[in-house]
Structure formats: structure tokens, C-alpha cells
Amino acid sequence: MLTLPWNLPAELWMSLGLTLRLALVSTALLMLMALPLGAWLASARSRLALAIEILIAMPLVLPPTVIGFYLLVLLSPRHAFGHWWQEVFGQPLPFSFAGLVIGSCVYSLPFAVQPVAAAFRMQRPEVLQAAYSLGMSRRQAFLHIALPLARSGVAAGSLLAFAHTIGEFGVVLMLGGNIPGVTRVASIALYDQAQVLNYAHAHGFALLLLAMSFLLLLCTTLAQKRQERRRLAPVAIK
């Protein structure tokens with residue numbers, strides 16, 4: 001038995017809308033962090049860079065509930081940042097949309113940074129050297145040469161971060177709970193439907209999320225293939 005997506009109840013569409021809003025906000029913040037981090041990691045050779053790259057990749061191997069638990073503790077009003085947030089904004093970070101955004105940024109950071117760093121690493125050093133020899137500053141060379149060449153990696157990082165945020169479960173459950181309209185995202189709403197044995201709604205909603213994930217991964221794959229073709233193609237400096 002399957003409920004078609006357009007017949008799904010309003011509460012499931014509300015959770016999907018909240019999930020898309022969370023994914024959009026988190027992805028925008030993640031890319032603001034991923035661009036300078038990825039460019040730096042691609043060129044840095046220090047032990048500090050290695051340590052930071054390992055820290056960024058930790059969410060890939062840590063259970064999401066572990067990340068969610070530590071974020072729940074660290075963002076609580078008992079600790080400095082959580083206390084400061086509550087003093088300024090009048091509400092605690094745990095079990096709020098802002099808390100979910102922070103948790104999503106931590107959990108999806110490697111999915112945004114790694115494609116961007118890989119795109120910068122693929123660039124030929126002589127391209128930037130030629131730009132410097134033509135009188136460009138480092139900032140101009142980054143904005144007009146390195147960043148345009150890395151745009152496929154930036155697109156892949158954005159899509160992966162967006163898709164990964166949509167599929168979050170453990171972090172959002174630990175940090176945000178299950179508050180309708182505030183923290184009940186699509187994965188938790190699907191879990192709720194399965195828990196009450198409403199498999200018709202669960203099946204239709206899962207099918208919708210599956211189709212969205214497939215389209216996002218298709219776009220990511222196309223962006224990565226375009227990046228590879230761009231790496232192999234000759235480059236002209238304008």
C-alpha cells in the first residue's frame with residue numbers, strides 16, 4: 001500500500017519544508033566556510049593543516065548520535081557559547097532551529113570541504129604562477145583564476161552538503177528532538193510514521209525522499225565529471 005506524494009498529510013509536507021529550509025541555510029553557511037578552508041588545505045603542508053583536515057573528516061566515521069550528544073552538551077546554557085547565546089537571543093540552542101543549523105554544519109562539513117579542496121588540488125600550479133607573473137595579486141588570482149576553475153568542485157560540495165543535511169537523523173534527533181514545525185525534519189517524520197505502523201504514508205514519503213536524493217546525486221556526479229574534464233582540458237588565462 002502506498003500513499004502518493006500529493007496525498008500525503010500536511011504534517012509530512014511541513015517537515016519536508018523545514019528540512020529544505022535547514023538544508024539551504026546550512027549549505028550556504030557551509031560553503032562560506034568551505035571555500036577558504038578548502039583553498040588553504042589544498043596548499044598547506046603543515047602538521048596543523050593535517051590535524052585540521054582530520055578533525056573536519058571526523059563526522060565521516062563518528063556515529064551521528066555521538067556528535068549529537070556532544071553538541072547537546074556543548075551548546076547547552078551550562079557552557080560558555082550556549083550561555084552566551086541564551087543571554088543574547090533569550091532562548092537555548094538545543095531543541096531550536098538555530099541549534100539544528102549548527103549541528104548540520106558540523107555534521108556535513110566534510111561533505112562540503114573535501115570536494116572543494118580536491119578541486120583546488122587538481123589545479124596546475126603553473127596557472128597561478130602565470131597569473132602572478134602577469135601582475136595579479138593573490139586575491140585577484142584566487143577570485144579570477146582559482147575559484148572559477150574550482151566551480152565544479154564547489155557545485156559538487158554544495159550538492160553533497162545539501163543532500164547530506166536532508167538525510168540527517170541521529171544529530172537532529174539528539175540535538176533538536178521532535179518538535180513539530182521547529183525541529184521535526186523529514187527523517188524524523190518518516191520514523192514517526194513507521195513507529196505508528198502507518199506504512200502507506202511512510203512508503204509514499206520515503207519514495208519522495210528517495211527520488212530527491214537520486215536527483216541530487218545525479219547532479220553531483222555530473223558536476224564531478226565536468227570538473228574532471230576541466231582538469232584535463234587546456235587552460236587559457238584571460
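Positions are given from 1 along the sequence. Bear in mind the structure is a predicted one, so any value in this text is a computation, not a measurement.
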Transitive ILVMFWY side-chain link I102 to W84, under 4.5 Å: yes
Side-chain donor or acceptor of S26 paired with backbone N/O of A23 under 3.5 Å: no
Intermediate values then yes/no, side chain to side chain contact (heavy atoms under 4.5 Å, CB included), V127 and L149: CA-CA 10 Å; V127 175; L149 288 176; 4.2 Å; yes
Pair E53 + R45: basic N to acidic O under 4.0 Å: no
Other residues, nucleotides, ligands: >12 heavy atoms within 6.0 Å of Y70 OH: no
Rounded distance [0.5 Å steps], NE2 in H203 versus CG in L208: 12.0 Å
Heavy-atom side-chain proximity of L35 to L147 below 4.5 angstrom: yes
Side-chain touch I52/W40, heavy atoms, less than 4.5 angstrom: yes
Name the atoms and distances for all side-chain donor-acceptor pairs under 3.5 Å in residues 158-166, with sequence neighbours left out.
| unit_1 | atom_1 | unit_2 | atom_2 | d |
| --- | --- | --- | --- | --- |
| S158 | OG | V154 | O | 2.8 |
| H164 | ND1 | S108 | OG | 3.1 |
| T165 | OG1 | S108 | OG | 3.3 |
| T165 | OG1 | A161 | O | 2.8 |

Full working for side chain to side chain donor-acceptor pair (under 3.5 Å) between E168 and S187: CA-CA 7 Å; E168 280 183 20; S187 57; over 6 Å; no
Sidechain-backbone polar pair: Q193 side chain, L190 backbone, donor-acceptor under 3.5 Å: no
Side-chain (Q86) to main-chain (L93) donor-acceptor, under 3.5 angstrom: no
Any side-chain heavy-atom pair of L22 and L18 under 4.5 Å: no
Pairwise side-chain contact, S104 with V171, heavy-atom cut-off 4.5 Å (strictly under): no
More than 12 heavy atoms of other groups within 6.0 Å of H79 NE2: yes
Derivation of the side chain to side chain contact (heavy atoms under 4.5 Å, CB included) call for T19 and L209: CA-CA 11 Å; T19 304; L209 295 175; over 6 Å; no
Linked, directly or transitively: L143 and M31 (ILVMFWY side chains, under 4.5 Å): yes
Between CG on residue N198 and NE2 on residue H201, distance to nearest 0.5 Å: 5.0 Å
Flag if over 12 foreign heavy atoms under 6.0 Å of CZ, F81: yes
Value rounded to 0.5 Å, distance of CG in L30 from CG in L109: 6.0 Å
Shortest non-hydrogen contact between A130 and S133, atoms and distance: O-OG, 2.6 Å
Heavy-atom closest pair, residues W85 and P92: CD1-C, 4.4 Å
L74 CG to F69 CZ distance, which is reported to the nearest 0.5 Å: 9.5 Å
Gap between atom CG of L100 and atom CD1 of I179 - 0.5 Å precision: 8.5 Å
S96 versus Q91, side-chain donor and acceptor atoms under 3.5 Å: no
Note, C105 side chain near M33 side chain (heavy atom, < 4.5 Å): yes
For the student: nearest non-hydrogen atoms of A42 and A117, plus distance: CB-O, 3.8 Å
Intermediate values then yes/no, side chain to side chain contact (heavy atoms under 4.5 Å, CB included), V172 and Y107: CA-CA 10 Å; V172 293; Y107 189 46; over 6 Å; no
Min side-chain heavy-atom separation Q114-L60 under 4.5 Å: yes
Heavy-atom closest pair, residues M136 and Q140: CA-OE1, 3.5 Å
Euclidean distance, F111 CZ relative to T220 OG1, rounded to 0.5 Å: 11.5 Å
Distance under 6.0 Å and angle within 45° of ring axis: R184 vs Y191: no
Considering all heavy atoms, the nearest G170-T65 contact: CA-CG2, 4.3 Å
I67 side chain near V106 side chain, heavy-atom distance below 4.5 Å: yes
Over all atoms of both residues, closest heavy-atom pair of L72 and P94: CD1-CB, 3.7 Å
Common cluster, F95/V182, ILVMFWY with side-chain heavy-atom separation under 4.5 Å: yes
Steps toward side chain to side chain contact (heavy atoms under 4.5 Å, CB included) verdict (R121, L41): CA-CA 9 Å; R121 286 193 177 107; L41 290 174; 4.1 Å; yes
Within one Ile-Leu-Val-Met-Phe-Trp-Tyr cluster: M174 and F169, side-chain cutoff 4.5 Å: no
Side-chain touch F142/F120, heavy atoms, less than 4.5 angstrom: yes
Neighbour count above 12 (heavy atom, 6.0 Å) for F97 CZ: yes
